[in-house]
Amino acid sequence: AAVAAGMVRLTLGTDTGGSVRSPAAYCGITGLKPTAGAISRDGVMELSGSMDTVGLLARTAGDAAAGWAVLSGGAPAPRDLNGLRLAYGRDWAVDDAAHPALLPLLDAACSDLSLIGAAVEIVELPDYGPIEQAGSDLLLSEAFALHAETARARPLGPMARASILSGGDVTEARKRAAREGIAPLRAVIDAALDSCDALILPTTLTPAPAFADFVPGKPVWTPMRTIPFNLTGHPALSVPMGYAGSLPMGLQLVGRPGDEATLLSLAAAYEAATDHTVLQPA
C-alpha cells in the first residue's frame, strides 16, 4: 500500500505462498518472486523453509528491474520481445470463485501482449486444486514445526495463532504426498517452458477483500494462483492488468529458473503498452 501510494518506490517482502505477488496484485503494483534461493534469506524469520523466498514490490516494472539489479548483483539484459512465445494457462482462471471481470481482463492482456510482438497460445495445466492442497499442507506443517511452541506460549493475533496451529492437523501421509508431488509438478512446468518463454496466469482470482470481510478469529480465504511456484521454485511476477470495478487485479508471468530478465522485460513492455499502473513514477 505504501508503494502504491507513492510513499516509496520499492520495498522488500517475503513470498511463501504468494505474499509478494498477491499484495502487488491487490494494490496495482509490480511484485517479483525470484527463483528460489536467488536472494539470501539471512536475517529473515523462517516460516516454511522449503518455500520461503525474498522478493520485492515496486511501483513499476522498471523500478522492479532496478531493485532486482541491486539484489542480484547485476542489471538484467533487456529481452527482445519480438517472437517471444507465451503459454496462456486459461483453465486456472475458470473457477466459480473467480470475479466475472477476470477472464475478460486476462484475454485482453493476451491480446495486448500479442500486439507488442509475443506469440500467445493456450496450454493445459494440471488441475489446480490438488496443487494448492499440497502447497498448503507443506507450508502449514513446516510453520507448525517451527512456531507451534511460540503460538501456544505467547500472545499472537487470533488469525496468526489459528493458522500456525492448524499445521498440527496435517497428517504424515499428507506431508509425504505434498513432498512427493513437487518433482512431478516441477517437471510439468519445465516441460511447458521448454516450448515457450513464459507462462501467463492470473495472480489472484478476485480483487482485494473488503475490510468488512475480516472478522476477529475468522480467517479470510482469498483465491490465488501463486503457491505452485513456491513449490517448484520458478520465478514469477505480478504486474497490473486492469480493474474489477474500482479495484486492481494482477497478471502473473512465470519463467524459467534464473530468467527474471525475461519476466521483467515482458512486464515493462506490457506496462508501457497498457498503462495499468496506479500512479505514474514520481
Side-chain angles (χ1 to χ4, degrees), residues 1-5 7-8 11-29 31-33 41 43-57 92 95-99 102 128-172 174-175 178 202-231 236 238 244-250 252:
V3 173
M7 297 168 68
V8 293
T11 187
L12 295 178
T14 51
D15 190 315
T16 305
S19 293
V20 161
R21 288 160 289 160
S22 58
Y26 292 148
C27 294
I29 61 173
L32 172 65
K33 182 203 81 70
R41 297 195 318 223
V44 175
M45 186 175 73
E46 188 173 336
L47 179 64
S48 171
S50 65
M51 298 170 69
D52 292 339
T53 312
V54 176
L56 57 86
L57 301 102
W92 278 14
D95 191 287
D96 290 343
H99 191 282
L102 177 64
Y128 185 80
I131 299 171
E132 182 173 67
Q133 184 64 61
S136 297
D137 284 347
L138 191 58
L139 191 163
L140 292 172
S141 63
E142 291 186 351
F144 178 80
L146 283 167
H147 301 295
E149 184 177 340
T150 298
R152 293 189 181 111
R154 299 181 185 176
L156 294 176
M159 289 176 64
R161 181 189 296 273
S163 182
I164 290 170
L165 295 180
S166 70
D169 298 329
V170 180
T171 65
E172 289 299 324
R174 282 165 56 188
K175 293 179 202 175
T203 308
T204 66
L205 299 190
T206 65
F211 284 117
D213 294 338
F214 290 87
V215 178
K218 179 184 175 183
V220 175
W221 178 76
T222 55
M224 300 180 286
R225 292 296 183 257
T226 52
I227 205 168
F229 311 108
N230 296 91
L231 288 169
S238 181
S246 60
L247 296 174
M249 297 193 72
Q252 185 174 206

Those residues that, when tested against [X], pass side chain to side chain contact (heavy atoms under 4.5 Å, CB included) (two or more places apart):
X: Ala212; result: none
X: Ser48; result: Thr16, Ser50, Met51, Asp52, Leu139, Glu142
X: Leu205; result: Asp95, Ala98, Leu102, Pro202, Pro223, Arg225
X: Ser246; result: none

Side-chain heavy atoms of [X] within contact of [Y], under 4.5 Å:
X: Thr14; Y: Val44; result: yes
X: Thr150; Y: Ile164; result: no
X: Leu57; Y: Val20; result: yes

What are the two closest heavy atoms between [X] and [Y], and how far apart are they?
X: Cys27; Y: Pro248; value: C-CG, 3.8 Å
X: Leu165; Y: Ala148; value: CD2-O, 4.2 Å
X: Leu156; Y: Arg161; value: N-NH2, 3.6 Å
X: Gly18; Y: Pro23; value: O-CD, 3.6 Å
X: Tyr26; Y: Thr206; value: CE2-O, 3.4 Å
X: Thr204; Y: Met224; value: CG2-CG, 3.8 Å

TODO: Using the side chain to side chain donor-acceptor pair (under 3.5 Å) rule, pick out the option among Thr203, Thr226, Asp15 that qualifies with Arg21.
DONE: Asp15
Task: Residues that Tyr128 engages under ring-ring contact (aromatic ring centres under 6.0 Å, His included), provided they are two or more places apart - done: Trp92
Open item on the list: If I take atom CG from residue Leu146 and atom OG from residue Ser141, how far apart are they, to the nearest 0.5 angstrom?
Closed with: 10.0 Å
Open item on the list: Walk me through whether Gln252 and Lys33 qualify under side chain to side chain contact (heavy atoms under 4.5 Å, CB included).
Closed with: CA-CA 11 Å; Gln252 185 174 206; Lys33 182 203 81 70; over 6 Å; no
Between side-chain atoms of residues 129-136 and protein atoms elsewhere (two or more places apart, or another chain), which donor-acceptor pairs fall under 3.5 Å?
{"from": "Gln133", "atom 1": "NE2", "to": "Asp137", "atom 2": "OD1", "distance (Å)": "2.9"}
{"from": "Ser136", "atom 1": "OG", "to": "Glu132", "atom 2": "O", "distance (Å)": "3.0"}

